[in-house]
Asker: 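Below is one structure. I have some questions about it.
Below, chain A is the first sequence line, B the second, and so on; all start at residue 1.
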Amino acid sequence: MASRAIADTATTTVVRKRSFSESYIGEWLTTTDHKKIGIMYMFVGFFFFLVGGMEALLIRAQLAEPNGKVLSPEVYNEIFTMHGTTMIFLFVIPMLAGIGNYFVPLMIGARDMAFPRLNAFGFWVVLFGGLFLQSSFIFGQAPNGGWFMYAPLSETAAGCNHAYTCTPGMNADFWILGTTMLGVSSIAGGLNFVVTVFKLRAPGMSINRMPIFVWMMLVQSFLLLFALPSLTVASLLLLLDRHFGTHFYQYTNGGDPLLWQHLFWSFGHPEVYILILPAFGMISEILPVFSRKPLFGYTFVAWSGVAIGFLSFTVWAHHMFAVGLPAVAQAFFATSTTLIAIPTAVKIFNWLATVYGGKLNLKTPMLFALGFVAMFLIGGLNGVALAVVPFDYQVTDSYFVVAHIHYVLFGGTAFAIFAGLYYWLPKMTGKLLDERLGQIHFWLILIGMNLTFFPMHILGLLGMPRRVYTYPGDLGWNEMNALASIGAFLIGISIMVFVYNFIRTLKSGQKAGTDPWDAFTLEWDTDSPPKKYNFLTLPVVRSRRPFFDKKNPEIADWKTVVH
Amino acid sequence: LEDSNPGQSLKKRYMVSQERLHQLEQHEKGMEDGITASDSGDEPPVPEERSPEKGDEQTENEKEEVVPEAAAEDSAGDESSTAAPKRRRRRKKVFQPEELEAMLPRPSLWPLITAFSVAVVLAGAISSRIVLGIGFVLILVSVVGWLRERR
């Protein structure tokens with residue numbers, strides 16, 4: 001009897017019930033895999049890019065002609081505030097975090113991030129923080145004080161004693177709490193990147209052999225860790241002012257409104273480099289591959305990023321020249337701002353030297369990378385112009401500044417993100433994006449961008465202030481505003497081309513293989529998409545181009561060049 | 001290979017001599033043939049016979065690999081070093097894909113729940129104290145759940 005029971009048991013197939021984490025949805029909700037988390041970051045980032053883009057189109061529709069009536073003044077304030085907040089905190093940072101999450105471990109030959117659950121937590125905080133911020137529209141209380149939320153404008157009526165110049169509703173509270181929450185995510189992410197890069201590099205990958213993208217993510221992570229506490233403190237003080245009767249920023253009660261500006265911009269300017277440094281990293285990966293040359297001046301490119309990181313903490317008050325700083329302070333911040341142009345120029349010259357004499361392959365990633373260099377150069381140069389104090393007095397808070405930030409962050413960071421997506425999506429999806437559609441996307445967005453933002457330089461010089469709801473028709477601003485609006489809609493069309501290309505590629509794209517670009521770095525030495533564990537055996541690195549070495553053992557870098 | 005002539009051009013400084021290149025190529029060939037390198041990075045690799053005992057000990061999942069010793073340590077900033085990586089014999093297990101997947105962190109719902117709890121606290125901060133209280137309870141539960149979860 002007993003032996004029969006054993007025999008029955010032996011022949012019975014045991015069907016194990018699938019756990020929640022093995023279902024399709026559950027797999028994504030519970031994942032701790034850096035690649036899946038990276039993809040989710042990118043999807044969320046791109047979703048918010050579309051949201052922020054719609055807000056931008058509403059702004060441009062309102063300003064397309066004088067005395068526009070598309071939006072009410074109150075809604076216009078909410079829309080431009082949320083456009084800036086969304087693009088900076090919910091598009092660029094998550095998108096860069098996503099690309100970094102996916103590729104940093106692959107590039108350094110690691111199997112995952114150092115703290116996978118903290119990584120997942122960081123992503124979910126971004127998602128909920130973003131939804132929290134955007135939900136303010138549902139309650140009719142969207143933030144409306146600009147993405148910088150200047151105090152005392154953002155105080156309650158009791159705080160500034162002038163109800164009509166304050167923010168009595170919950171609008172500013174949404175912004176304060178939402179950005180604080182996003183800051184938690186960024187700090188978690190920054191910590192994770194720092195530990196991952198320092199502790200999980202593959203055998204042989206010394207600091208001086210790391211891909212430049214990894215370098216820049218490392219510097220960016222340090223900037224996040226050191227810059228964000230300033231914003232968090234500033235926000236919490238504002239919250240205390242608004243709800244608990246303190247007077248940190250209230251002039252009438254002995255507080256100092258400039259304290260907000262100092263605290264905010266000591267976060268806000270490193271933030272600009274937080275947004276651009278990973279873009280530098282991506283460009284430094286793409287240009288050499290599509291020029292068929294090693295990166296020129298690797299050491300200078302890497303350490304100039306570190307120099308930018310340090311200097312970024314010394315320039316914040318150039319946003320405040322017009323508040324009446326002492327002359328010594330103005331001289332100091334003008335000098336430090338000009339100084340930061342040097343390491344930035346070092347990068348640009350090295351990129352040009354990389355491309356110079358190369359066998360150029362002008363595929364879409366390369367086009368976006370070259371577009372980045374050109375657009376960022378314009379943004380950088382007018383940034384240096386803004387460091388000249390008398391000139392800054394003339395154009396501060398005008399559309400010239402709007403033009404500058406968009407050449408840097410749209411022509412710069414957004415172009416680099418698109419370059420990175422065209423370059424790395426084949427690795428993530430296993431399929432190549434359509435080249436023709438990619439080129440259409442590039443040319444449309446390049447033309448659209450310059451149509452939108454170049455006229456803003458002229459508008460600024462003609463005296464058009466930023467953040468104005470509308471303008472009369474007799475100031476000579478009409479044509480430039482119309483051009484800018486046409487350009488904005490052209491950018492919108494180009495984004496639709498990209499979305500169509502992406503969906504079409506997922507459905508029926510050409511197979512990419514593991515290494516469609518004949519690239520140099522370790523991420524291309526994996527399957528497309530990579531397995532969960534990334535590498536079956538951890539690679540051994542001997543130079544800055546380990547995958548190039550593997551493919552070309554006879555001319556491997558480690559045989560001919562000492563790193 | 002240490003550059004003793006400061007007058008040399010940068011290009012020359014970073015190029016490896018033909019003799020050294022030959023040594024490195026021999027070294028590489030030796031590695032491919034399953035021959036381990038000598039302990040001294042400056043000396044040309046010396047073939048070393050594998051002991052029969054060690055060969056017998058190898059299981060299906062294990063194999064001998066040559067791992068640069070320097071790589072195991074942090075060789076940060078050692079840009080001027082021109083010596084080939086110092087090598088030593090190390091037994092390194094080569095894992096099967098299933099083993100690797102099993103070693104990676106297990107999925108967890110707690111990061112999501114914790115993040116949601118933080119969002120509830122923030123929503124409570126600008127809506128009602130009840131929501132705020134629920135948020136704090138959720139945070140407590142999620143943190144405890146996260147800490148208690150088996151890796």
Asker: Between chain A and each of B:Thr114, B:Leu122, B:Leu112, count heavy-atom pairs under 4.5 Å; write down the option with the most.
Answerer: B:Leu112
Asker: Apply the side chain to side chain contact (heavy atoms under 4.5 Å, CB included) test between A:Leu522 and each candidate in A:Leu106, A:Val541, A:Ile108; give the one that qualifies.
Answerer: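 Single pass found, and it is A:Val541.
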Asker: Using non-hydrogen atoms only, which part of A:Phe535 is less than 4.5 Å away from chain B: side chain, backbone, both, or neither?
Answerer: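 For A:Phe535, the backbone is the part near chain B, not the side chain.
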Asker: Hey, which of B:Ser108, B:Ala119, B:Pro105 has the most heavy atom pairs under 4.5 Å with chain A?
Answerer: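 Most pairs with chain A among the choices: B:Ser108.
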Asker: Name the region of A:Phe20, side chain, backbone, both or neither, that has any atom closer than 4.5 Å to a heavy atom of chain B.
Answerer: side chain
Asker: If the plane angle is over 60° it's perpendicular, under 30° parallel, otherwise tilted; pick one for A:Phe139 and A:Phe174.
Answerer: parallel
Asker: Taking atom types as modelled, find out whether A:Trp303 and A:Tyr298 have a side-chain donor-acceptor pair closer than 3.5 angstrom.
Answerer: no
Asker: A:Asn101 and A:Lys35: side-chain donor and acceptor closer than 3.5 Å?
Answerer: no
Asker: Which atoms of A:Leu239 are under 4.5 Å from chain B, going by heavy atoms: the side chain, the backbone, both sets, or neither?
Answerer: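 Nothing of A:Leu239, per the 4.5 Å heavy-atom cut-off to chain B.
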Asker: Heavy-atom distances under 4.5 Å only: say whether B:Ile126 touches chain A with side chain, backbone, both or neither.
Answerer: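 For B:Ile126, heavy atoms of backbone and side chain both lie under 4.5 Å from chain A.
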Asker: Heavy-atom pairs under 4.5 Å with chain B: which of A:Gln141, A:Arg111, A:Lys199, A:Glu22 has the most?
Answerer: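 Ranked by heavy-atom pairs under 4.5 Å with chain B, first place is A:Arg111.
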Asker: For A:Asp33, is there an ion pair with A:Lys532 - N to carboxylate O distance below 4.0 angstrom?
Answerer: no
Asker: Looking only at non-hydrogen atoms, find the nearest pair between A:Gly178 and A:Leu133 and report the distance.
Answerer: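 Between these two residues, the closest heavy atoms are CA-CG, 4.0 Å.
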